[in-house]
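Numbers restart at 1 for each chain; the letters A, B, ... are given by sequence-line order, proteins then strands.
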Amino acid sequence: MTPMVEIRGLHKAYGDLKVLKGIDLTVERGQVICIIGPSGSGKSTLLRCVNLLETPTGGQVFVEGEELTHPDVDIDAARRKVGMVFQQFNLFPHLKVLDNVTIAQRRVLKRPKGEAERIARENLAKVGLEDKADSYPAQLSGGQQQRVAIARALAMNPDLMLFDEPTSALDPELVGDVLTVMRKLAQEGMTMLVVTHEMGFARDVADRVVFMDGGVIVEDGPPEQVIGAPRHERTKTFLRRVLDPTHAQEDDLDGAALPAEGA
Amino acid sequence: MSTTATEPAGPARGRTGLSPRQRRKISIAVQYALFVVVLVAVVFIVDWPKIQDTFLDFDNTREMYPDLFTVALKNTIIYTLTAYALGFALGLLVALMRLSSLAVYRAVALLFVEIFRGLPALLTLLIIGYGLPIALGGPVPGGTVGAVALGLGLVAAAYMAETFRAGIQAVPKGQLEAARSLGMSHTRAMFTIVIPQALRIIIPPLTNELVLLFKDSSLVSALGIAATGVELTKIGSDFAINTADSTPFVVAGACYLIITVPLGFAVRRLEARQAKAR
């Protein structure tokens, strides 16, 4: 069976700045992969290359066997199968919640109004926000907005969902609601690629955890291995800092300025 | 200032002279005094009967009605709205060209903006009004209204293009990315997601442009046009010349203010509402 995602020798550079330096990654159907790593490690860029929001400078990306990096690809058609959830939610502020979830169904999939609204309400119910259909995004909390964003992506019936630090912009008490929705989605068998700093989520939900640093994949394996018993020094240092930031050792302090993470 | 005498005793301990509060009170009193002095001077220096005879001799304006409203004000509004419609459509097109990935479109759009923003509006209007009919070998489509709409519309388009561009660029990049990630093409994402949001952002400057255009329609008075095409400034100056009196100017001016003051009020309300929404 063709894998859901296959990435071969992926490179991405902005001028002289090399962000991805040869990534190979295969995601099987139904797998949940969490990508972890320090900021500037290229994990968001990798995710954004999977639906070509970033154009790779080298290598190939296949989704369900179709090469997205082929020059003649119909990228709009290919993206319909790939849902994406952003750190900053990116809901359409001028549209009501219901219209946020129906607009692409209607304009892209050409679903009739009634059908689009029915599917929208189903997905809003799935994220627990059926009663917010007539609200505007600005009237919702960050956690609610992010769940609407998930519903918006799901309404397109994607085969693959990309999550780019979905809880990083949320107040701590709202993180749980979003993670619960994502966990449910994983249990239903959705293929998911998740860039996250939520180690608990990665440990519990991921089939595989990928640790990236400096534009390469340093470690890739089941969570109990990568998070539970990391083999590489870089992974160990990173995990120590993330899991116990208050007790970062003096010698862990990183003097080198890290490049800013792409939002 | 006698009031200072009734103030409580100065602050204690080593402070001499006036406190900042006392100095501020004196400053305000001086400013009021200055205002009164200037007002009194104006009242006494100006020759009021002469002013009234020159600017407020409404006997000289009786002949202006009803043409002032039924022809001149109506034409002013028609010129403004047609020029605005053209400027809006062309301005949006030029803005999209300025943001195009094709260098040639960007260059053409920039050239357009620089030319029509750089030329005096009057000169553009004269070129279109007098030059274009000769170049076309016949009247401009739409006659006088067409020529005026084109002349003023080109200038308005240059300004509005920059406004549209700023508005489009003010929409966060994530909006376009979210729309694209849902499978929308670039064009569809622009028209359903980005431009509607950009328009909301630029409603105040776009309304302001309408006010400017309404006033700039007075430039049409410099074109030799038929009586049916007369607008406010033209009717004002015609009557002013005939009666050797400036009251018709004042009456025409009042007609502009009837429109521009409420519009200006609307702009300020829109801006305030947006400031609150942020």
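In the displayed structure, A/K81 atom NZ is contacted under 6.0 Å by more than 12 heavy atoms of other residues, nucleotides or ligands. Other residues, nucleotides and ligands place no more than 12 heavy atoms under 6.0 Å from the CZ atom of A/R107. Few gaps surround NZ on A/K184; more than 12 heavy atoms of other groups in view lie less than 6.0 Å from it. Remark: B/R269 CZ is loosely packed, at most 12 non-hydrogen atoms of other residues, nucleotides or ligands lying under 6.0 Å away.
Looking only at heavy-atom pairs under 4.5 Å with chain B, the residue among A/M84, A/Q105, A/R152 that has the most is A/R152. Across A/P93, A/A149, A/A78, the residue that shares the most heavy-atom pairs under 4.5 angstrom with chain B is A/P93.
Atom CD of A/E54 and atom CD of B/E177 lie 7.0 Å apart (nearest 0.5 Å). Rounded to the nearest 0.5 angstrom, A/H94 NE2 and B/Q175 CD are separated by 7.5 Å.
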Could you pull out every donor-acceptor pair under 3.5 Å between side chains of residues 113-122 of chain A and any protein atom, sequence neighbours left out?
from   : atom 1 : to     : atom 2 : distance (Å)
A/R118 : NH1    : A/E122 : OE2    : 2.9

Expected list for residues 78-88 of chain B: side-chain donor-acceptor pairs under 3.5 angstrom, two or more places apart:
from  : atom 1 : to     : atom 2 : distance (Å)
B/Y79 : OH     : B/G229 : O      : 2.6
B/T80 : OG1    : B/T76  : O      : 2.6
B/T82 : OG1    : B/I78  : O      : 2.8
B/T82 : OG1    : B/Y79  : O      : 3.2
B/Y84 : OH     : B/L206 : O      : 2.8

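What you find for B/R180 and A/R79 is that their closest heavy atoms are O-CD, 3.0 Å.
Heavy-atom distances place both the backbone and the side chain of A/F92 under 4.5 Å from chain B. Only the backbone of A/L91 comes within contact range of chain B, judged by heavy atoms closer than 4.5 Å.
A donor-acceptor contact shorter than 3.5 Å links the side chain of A/N90 to the backbone of B/G174.
For B/Y256, the ring pair (Phe, Tyr, Trp, His ring centres under 6.0 Å) partners are B/F214, not counting sequence neighbours.
Residues of residues 181-195 of chain B lying within less than 4.5 angstrom of chain A, judged on heavy atoms, are B/S181, B/L182, B/G183, B/M184, B/S185, B/R188, B/T192, B/I193 in numerical order.
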